[in-house]
> 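Can you keep this structure in mind? I'll have questions shortly.
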Amino acid sequence: MAQRDAVRHSMTRRRRDDTDEKLLASLASLLHLEVLPEKIEAYDISNMGSENITAGMIVVENGKFSKKHYRHFKIKGNNGPDDYQAMEEALRRRLSHAGGADESFGTLPDLILLDGGAGHVSTICQLLHTLHISVPVFGMVKDEHHKTRTIVSEDGEVSIAREPEVFRFIYRIQEEVHRYTISRMSAAKGKSMKQSSLEKVPGIGPAKAKKLLLQFKTLAALRSASVEEIAAVPTVTRENAAAVLEFLQSK
């Protein structure tokens with residue numbers, strides 16, 4: 001019975017691998033790629049105004065999401081909600097690690113997908129040209145209902161409607177990179193709000209607020225701590241600790 005189960009599992013996995021390879025071959029043919037896109041990186045930008053602008057990167061290896069290689073970037077050089085500038089910064093920072101020892105960044109992808117249209121594609125293609133890196137770039141365009149509509153290159157739109165499996169694959173990638181990016185942006189926003197809340201305490205500036213959150217992780221944990229435990233954080237005095245507790249316990 002164990003042997004039959006092992007054989008059945010092996011055959012199922014082989015069929016799944018064959019299906020994934022056929023899907024990647026269809027995608028390569030549709031996009032006129034020179035190689036099978038065994039490694040795909042997809043990027044999205046999420047923000048709430050000019051605060052906590054975040055770029056998310058997900059990785060698809062051999063047709064499967066590889067979550068251990070997901071990464072996100074807190075955008076630094078953006079003076080406002082400029083998606084093009086944010087996307088360029090994220091890709092520039094990611095590509096600066098190409099060829100290095102980092103498991104996620106060392107190897108270049110076979111295909112880059114961007115959540116965006118022709119403007120995003122043009123911006124990143126120009127960046128790749130400047131860096132002398134050759135990787136095909138396509139944008140994943142949404143319709144008015146925020147659902148995947150088509151893929152776009154520098155040369156125009158590539159219809160994927162006639163290839164249902166490819167369409168569903170691109171849809172899944174676009175949804176996943178959006179989900180991941182939103183989750184990282186929300187986490188950063190929550191952390192920022194907690195830090196700014198602590199900065200309302202007399203004597204607690206951004207540096208001390210950051211150290212307190214690094215030590216205690218949550219405001220609830222900080223509220224439950226003693227004056228001595230809070231004052232053990234570097235640069236935080238007993239007076240600071242007492243003020244923090246008084247502030248939190250009054251909420």
Side-chain angles (χ1 to χ4, degrees), residues 13-45 55-71 73 84 87-142 148-178 180:
R13 185 171 58 185
R14 189 178 300 119
R15 283 196 296 269
R16 190 181 299 120
D17 290 343
D18 289 344
T19 300
D20 290 337
E21 187 170 339
K22 288 177 181 176
L23 173 61
L24 294 177
S26 296
L27 179 62
S29 175
L30 198 62
L31 301 184
H32 303 291
L33 305 180
E34 295 181 1
V35 298
L36 204 67
E38 295 178 343
K39 181 181 181 183
I40 301 171
E41 290 181 3
Y43 295 82
D44 190 14
I45 303 295
M57 177 195 94
I58 69 165
V59 178
V60 182
E61 291 186 324
N62 297 312
K64 299 178 178 65
F65 293 116
S66 182
K67 294 188 177 183
K68 69 177 181 178
H69 294 313
Y70 287 14
R71 295 293 184 271
F73 307 84
Y84 297 160
M87 192 74 82
E88 181 180 25
E89 180 184 324
L91 268 294
R92 185 181 294 277
R93 286 164 59 185
R94 178 268 175 267
L95 294 169
S96 69
H97 297 281
D102 187 283
E103 185 183 5
S104 298
F105 291 151
T107 305
L108 287 173
D110 302 307
L111 172 65
I112 291 174
L113 295 175
L114 311 174
D115 189 288
H120 292 83
V121 173
S122 178
T123 297
I124 300 309
C125 283
Q126 180 59 45
L127 172 64
L128 293 178
H129 178 74
T130 301
L131 298 175
H132 305 290
I133 293 175
S134 178
V135 177
V137 179
F138 291 83
M140 300 177 291
V141 182
K142 293 177 179 176
T148 305
R149 180 175 64 83
T150 189
I151 287 182
V152 65
S153 71
E154 279 196 299
D155 299 322
E157 291 191 0
V158 179
S159 176
I160 55 176
R162 66 178 186 273
E163 296 282 353
E165 292 299 323
V166 172
F167 184 90
R168 283 192 287 270
F169 183 52
I170 296 299
Y171 173 80
R172 287 174 55 220
I173 291 175
Q174 192 169 27
E175 289 293 297
E176 175 68 359
V177 71
H178 183 66
Y180 174 71

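The first residue in the sequence is number 1, and the count goes up from there.
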> R71: what forms a salt bridge (charged side-chain N to carboxylate O under 4.0 Å, His left out) with it, not counting sequence neighbours?
none
> Counting only pairs under 3.5 Å, give me each side-chain donor-acceptor contact of residues 161-173, with atom names and distances, residues two or more places apart or in other chains.
unit_1: E165; atom_1: OE2; unit_2: R168; atom_2: NH2; d: 2.4
unit_1: Y171; atom_1: OH; unit_2: K147; atom_2: NZ; d: 3.4

> Considering non-hydrogen atoms only, spot the tightest contact between G56 and V177 and give its length.
O-CG2, 3.8 Å
> Measuring from E157:CD to R149:CZ, what's the distance to the nearest 0.5 Å?
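Reported to 0.5 Å precision, the distance equals 4.0 Å.
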> Quick one: CD on E34 to OG on S134, what's the gap to the nearest 0.5 Å?
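These two atoms lie 7.0 Å from each other.
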> Mind checking the CD1-CG spacing from I40 to L24? Nearest 0.5 Å is all I need.
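The distance works out to 6.0 Å.
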> Would you tabulate the side-chain donor-acceptor contacts of residues 107-121 under 3.5 Å, counting partners in other chains and residues two or more places apart, or write 'none'?
unit_1: D110; atom_1: OD2; unit_2: E38; atom_2: N; d: 3.0
unit_1: D110; atom_1: OD2; unit_2: K39; atom_2: N; d: 2.9
unit_1: D115; atom_1: OD2; unit_2: Q174; atom_2: NE2; d: 3.2
unit_1: H120; atom_1: ND1; unit_2: G117; atom_2: N; d: 3.4

> Starting at CE of M140, measure out to CD1 of I160 and round the result to the nearest 0.5 Å.
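That separation rounds to 9.5 Å.
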> Under 4.5 Å between any side-chain heavy atoms of L128 and L95, yes or no?
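Yes - at least one pair of side-chain heavy atoms lies under 4.5 Å apart.
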> Test of understanding: with side-chain hydrogen bond (donor to acceptor under 3.5 Å, both in side chains), list the residues that count as partners of Y70, not counting sequence neighbours.
E176
> When you compare the side chain of P37 with that of L27, does any pair of heavy atoms fall below 4.5 Å?
yes
> Give the minimum heavy-atom separation between R94 and F105, together with the two atoms involved.
NH1-O, 2.8 Å
> Who passes salt bridge (charged side-chain N to carboxylate O under 4.0 Å, His left out) against K68, sequence neighbours left out?
E103
> Looking at CE of M57 and CG of L91, how far apart are the two atoms once the value is rounded to the nearest 0.5 Å?
10.0 Å
> Can you find a pair of side-chain heavy atoms, one from V137 and one from E154, that are under 4.5 Å apart?
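No, their side chains stay 4.5 Å or more apart.
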> Would you say that F73 contacts E89 through its side chain, given a criterion of any heavy-atom pair below 4.5 Å between the two side chains?
no
> So how far is it from L36 CG to S26 OG, rounded to the nearest 0.5 Å?
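That separation rounds to 10.0 Å.
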> Over all heavy atoms of both residues, which pair between L31 and V158 is shortest? Give the atoms and the distance, please.
CD2-CG1, 4.0 Å
> For residues 119-130, pull every pair meeting salt bridge (charged side-chain N to carboxylate O under 4.0 Å, His left out), keeping only residues two or more places apart or in separate chains.
none
> Say whether, by atom type as modelled, one donor and one acceptor occur between the side chain of S96 and the main chain of R93 under 3.5 angstrom.
yes
